[in-house]
Amino acid sequence: LSLGDDFGYMFADYANHAADGLRVSSFSDAVNAQAHQYLTTNGRFAVHVTVMSMLSLVPLWLYRLLNALVFGLLWLFTFRLGFGRIRGWFAPTATLCMIWWLIPDAGTIMLSLVSYSVNYMWTATAVLALLLLASRCKDMKRGWFAALAIFALLCGSLQESFSLPLSVAIVIDSIIGFRRLSRRQIILRILFLIGSCAVIAAPGNFVHFNSGGAFASSSLQHKLISMLGAVAFSS
């Protein structure tokens, strides 16, 4: 059953959920719609093109298979980042429990609407993959590092909810420990910051802000109250 945001992303609207577009029937429809929405709504170009494609161009069984795979990778990458290659059953099980219990409304965000899972779980998994790969970039061959550099640029441009806090962390960590960073690590960080600027400084964010959304005070207040309520009661 399609409802809410999923229903909106099935149409190539000029602005997000403007209800002025035809049903998405091709990949070019999704690209053109998001090119407009980059100027009118927000900067999540790649993520929202993926959402539109999953909703209108990909069979439902294939999306479900991909989403289950991404859910498994989220668990695996979180475990690897937090515990490394520790053996035994406790740490992997504890990681899965923490994902389910500590992420507010985990089932809603990751296993319900396509727009929710792609926007948040898929992006989170991509960022975790970047963090894991970046920790091993010193020993990579040039070709693999070039691919990782492009991936860092892409990850930065996916979603401001992830790019903004991680960019702040990158800047602070780079200032504190600049001398210990390798040339490759610096390159990856710069590319991630460039990608972050592309999504955060999108013209659509300012249009959305002026209309009372995005980072406007009323919108932030609503999101903060909702987040605190979810954190308090979802577990």
Side-chain angles (χ1 to χ4, degrees), residues 1-10 16-17 24 30 34 37 41-83 89-133 151 154-166 169 192 195-196 199 214 219-220 222-235:
L1 179 67
S2 297
L3 48 83
D5 283 3
D6 277 9
F7 189 69
Y9 284 116
M10 288 180 175
N16 196 21
H17 305 334
V24 172
Q34 289 309 314
Q37 292 186 25
T41 309
N42 60 49
R44 301 178 191 177
F45 180 85
V47 170
H48 285 174
V49 166
T50 304
V51 171
M52 284 185 158
S53 299
M54 290 294 156
L55 282 167
S56 298
L57 308 177
V58 172
L60 183 59
W61 65 266
L62 179 56
Y63 160 74
R64 287 172 172 166
L65 185 64
L66 291 171
N67 201 54
L69 175 63
V70 175
F71 183 85
L73 290 175
L74 178 76
W75 162 78
L76 178 62
F77 294 163
T78 304
F79 168 65
R80 288 282 186 237
L81 199 63
F83 296 99
W89 62 269
F90 178 78
T93 305
T95 301
L96 183 60
C97 291
M98 286 189 293
I99 288 174
W100 193 254
W101 288 334
L102 300 182
I103 295 177
D105 296 329
T108 302
I109 294 171
M110 298 186 285
L111 302 173
S112 61
L113 297 185
V114 175
S115 53
Y116 286 2
S117 62
V118 174
N119 256 305
Y120 301 104
M121 183 174 71
W122 290 29
T123 302
T125 304
V127 170
L128 287 172
L130 175 65
L131 292 174
L132 283 170
L133 292 170
F151 186 57
L154 174 64
C155 283
S157 68
L158 290 178
Q159 235 262 39
E160 71 280 354
S161 302
F162 294 88
S163 297
L164 188 58
L166 192 55
F192 184 88
S196 299
V199 68
S219 176
L220 288 177
H222 170 72
K223 291 174 182 177
L224 179 61
I225 293 173
S226 298
M227 182 189 73
L228 292 176
V231 169
F233 299 110
S234 69
S235 296

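Residue indices begin at 1 and follow the sequence shown. No hydrogens, no waters, no symmetry mates; every other heavy atom, side chains included, goes into these values.
Of all non-hydrogen atoms in C155 and L130, the two that sit nearest each other are CB-CD2, 3.8 Å. Scanning all heavy atoms of the two residues, the minimum distance from F71 to L111 falls at CD1-CD2, 4.2 Å. Across all their heavy atoms, F192 and L166 have their closest contact at CZ-CD2, 3.4 Å. Nearest heavy atoms, P92 versus W89: CD-O, 3.4 Å. Residues A46 and L154 share a closest heavy-atom pair of CB-CD1, 4.2 Å. The two residues W100 and A106 come nearest to each other via the heavy atoms O-CB, 3.7 Å.
Counting only distance, with no hydrogens or angles, the side chain of S163 and the backbone of G156 share a donor-acceptor pair below 3.5 Å. Between the side chain of S56 and the backbone N or O of S53 there is no donor-acceptor pair closer than 3.5 Å. Side-chain atoms of D6 come within 3.5 Å of backbone atoms of V114 as a donor-acceptor pair (strictly under, hydrogens ignored).
Residues in residues 120-130 take part in these side chain to side chain donor-acceptor pair (under 3.5 Å) pairs, two or more places apart or across chains: N67-W122.
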Exercise. Determine, step by step, whether N16 and Y9 satisfy the side chain to side chain contact (heavy atoms under 4.5 Å, CB included) criterion, reporting the C-alpha distance in whole Å, the side-chain angles of both residues, the deciding distance to 0.1 Å, and the verdict.
Key: CA-CA 8 Å; N16 196 21; Y9 284 116; 3.5 Å; yes
Self-check item: side chain to side chain contact (heavy atoms under 4.5 Å, CB included) between H48 and N42, worked out
Solution: CA-CA 10 Å; H48 285 174; N42 60 49; 3.6 Å; yes
Self-check item: Verdict with reasoning, M110 to L74, per side chain to side chain contact (heavy atoms under 4.5 Å, CB included)
Solution: CA-CA 10 Å; M110 298 186 285; L74 178 76; 3.5 Å; yes
Exercise. Could you go through the side chain to side chain contact (heavy atoms under 4.5 Å, CB included) check for Q34 and R44 one step at a time?
Key: CA-CA 8 Å; Q34 289 309 314; R44 301 178 191 177; 6.0 Å; no
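The distance from the CG atom of L60 to the CG atom of L65 is 11.5 Å, given to the nearest 0.5 Å. In this structure, F7 CZ and S115 OG are separated by 13.0 Å, a value rounded to the nearest 0.5 Å. Note that the CE atom of M10 and the CG atom of D5 stand 11.5 Å from one another [nearest 0.5 Å]. The NE2 atom of H17 sits 9.0 Å away from atom OG1 of T41, with the distance rounded to the nearest 0.5 Å. Taken to the nearest 0.5 Å, the CG atom of L62 stands 11.5 Å off from the CG atom of L57. Between F77 atom CZ and L133 atom CG the span is 7.5 Å, to the nearest 0.5 Å.
Summarising the local packing, OH of Y63 is surrounded by more than 12 heavy atoms from other residues, nucleotides or ligands at distances under 6.0 Å.
Applying the ring-ring contact (aromatic ring centres under 6.0 Å, His included) criterion to H222, with sequence neighbours excluded, gives no partner residue.
Side chains of V199 and Q159 form no contact here, defined as non-hydrogen atoms less than 4.5 Å apart. Put simply, the side chain of T78 does not reach to within 4.5 Å of the side chain of L96, judged on heavy atoms.
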